[in-house]
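Worth saying up front: this structure is predicted, and the values here are computed from it rather than measured.
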Amino acid sequence: MAEEQQIERELVVSADSDAVWDAITEAELASEWFDGEVEWELTPGGTLHIEGNDGESRDGVIQEVTPGESLQFVWWPSDRENEISEVTYRIETIELGTRFTVIEKPLSTSWTDADSAAFQTFACSALSFSA
Amino acid sequence: MRIPQLFKPSLVLRCRSVPDSITATFAALADDTRRRLLDQLSNGPMTATQLSDSYDMSRQAVVKHLTALADGGLVQAERSGREVFYSVVPNQLDSAAQWLQRTGAKWDKRLSMLERKLKS
């Protein structure tokens, strides 16, 4: 269940991996495609703030940085601090150029505990039968 | 910037196993009156006073039951002016589907922008 509750997207481009790494990590370049103003300190424990063009801002913390290869951070909408998710960027050099993979998965929201939700549904139906 | 309390690893872990909340959910449902109140609230939000009128119960007793339902994660309270409205917590699995849909759409948009930038 947990595996299904995540977003995974990939983009294959002919650009070389350094160009892709710069485009996704340099705040100024990232702001050009992120649909928002990206500010972050690219080091584990560094903070991030993204002022979305749609009016939604997000805060977060950088977790891991492996230059040229991967980046991981956690973030949440600034006005809903309990909706934390983890984003992983991965870059691989492939025959066609570069593959950029993004994975985002929720860490802590009101509904991430799928077992608990299923149990509640079960408990509801079990009790209504016995009533 | 403030790091949310939930980001503390021990709390995230507790949030994921939730034995306490399951017990609370069971306790909340193990009562005929509470199941009736929950059923009534599934038609729309109501105040404790409105519920006490329809069920011929004291407001105090209704609030006690609503608190148990809220502890079990089944109802939520929302203040509107001087009144507090109680409503059924929306289906958690639906919320998950919405999150996936919304988050996926955002990444689709961002990646198509990125693709355009890298091509130019």
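- Atom OG1 of B:Thr103 and atom CZ of A:Arg9 lie 9.5 Å apart (nearest 0.5 Å).
- Nearest approach of B:Leu114 to A:Ala23, heavy atoms of both residues: CD1-CB, 4.0 Å.
- Using a 4.5 Å cut-off between side-chain heavy atoms of Ile, Leu, Val, Met, Phe, Trp and Tyr, with links allowed through other members, B:Leu41 and B:Tyr55 fall into the same hydrophobic cluster.
- Follow the hydrophobic side-chain contacts under 4.5 Å out from A:Ile103 and you never reach A:Trp76; the two are in separate clusters.
- When side chains are defined from C-beta on, B:Lys119 does not count as touching A:Val13, because their heavy atoms never get closer than 4.5 Å.
- Residues A:Val12 and A:Tyr89 do not share a hydrophobic cluster, defined by chaining ILVMFWY side chains whose heavy atoms lie under 4.5 Å apart.
- Residues B:Lys109 and A:Asp35 have side chains in contact (heavy-atom distance under 4.5 Å, counting atoms from C-beta outward).
- Proximity of A:Trp33 to B:Leu118: side-chain heavy atoms (C-beta onward) are nowhere separated by under 4.5 Å.
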Trace of the salt bridge (charged side-chain N to carboxylate O under 4.0 Å, His left out) decision for B:Lys117 with A:Glu26: CA-CA 14 Å; B:Lys117 288 285 167 196; A:Glu26 280 183 23; over 6 Å; no
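- To the nearest 0.5 angstrom, A:Glu104 atom CD is 8.5 Å from B:Lys106 atom NZ.
- Interface residue B:Arg102: only side-chain heavy atoms are found under 4.5 Å from chain A.
- Closest heavy-atom contact between B:Leu111 and A:Val102: CD2-CG2, 4.2 Å.
- Only the side chain of A:Glu56 comes within less than 4.5 Å of a heavy atom of chain B; its backbone N, CA, C and O stay farther away.
- Side chains of A:Leu11 and B:Trp107 form no contact here, defined as non-hydrogen atoms less than 4.5 Å apart.
- Residues B:Val62 and B:Phe85 do not share a hydrophobic cluster, defined by chaining ILVMFWY side chains whose heavy atoms lie under 4.5 Å apart.
- Within the 4.5 angstrom heavy-atom criterion, only side-chain atoms of A:Ile24, from C-beta onward, approach chain B.
- Hydrophobic clustering, with ILVMFWY side chains joined whenever heavy atoms are under 4.5 angstrom apart, keeps A:Leu29 apart from A:Val38.
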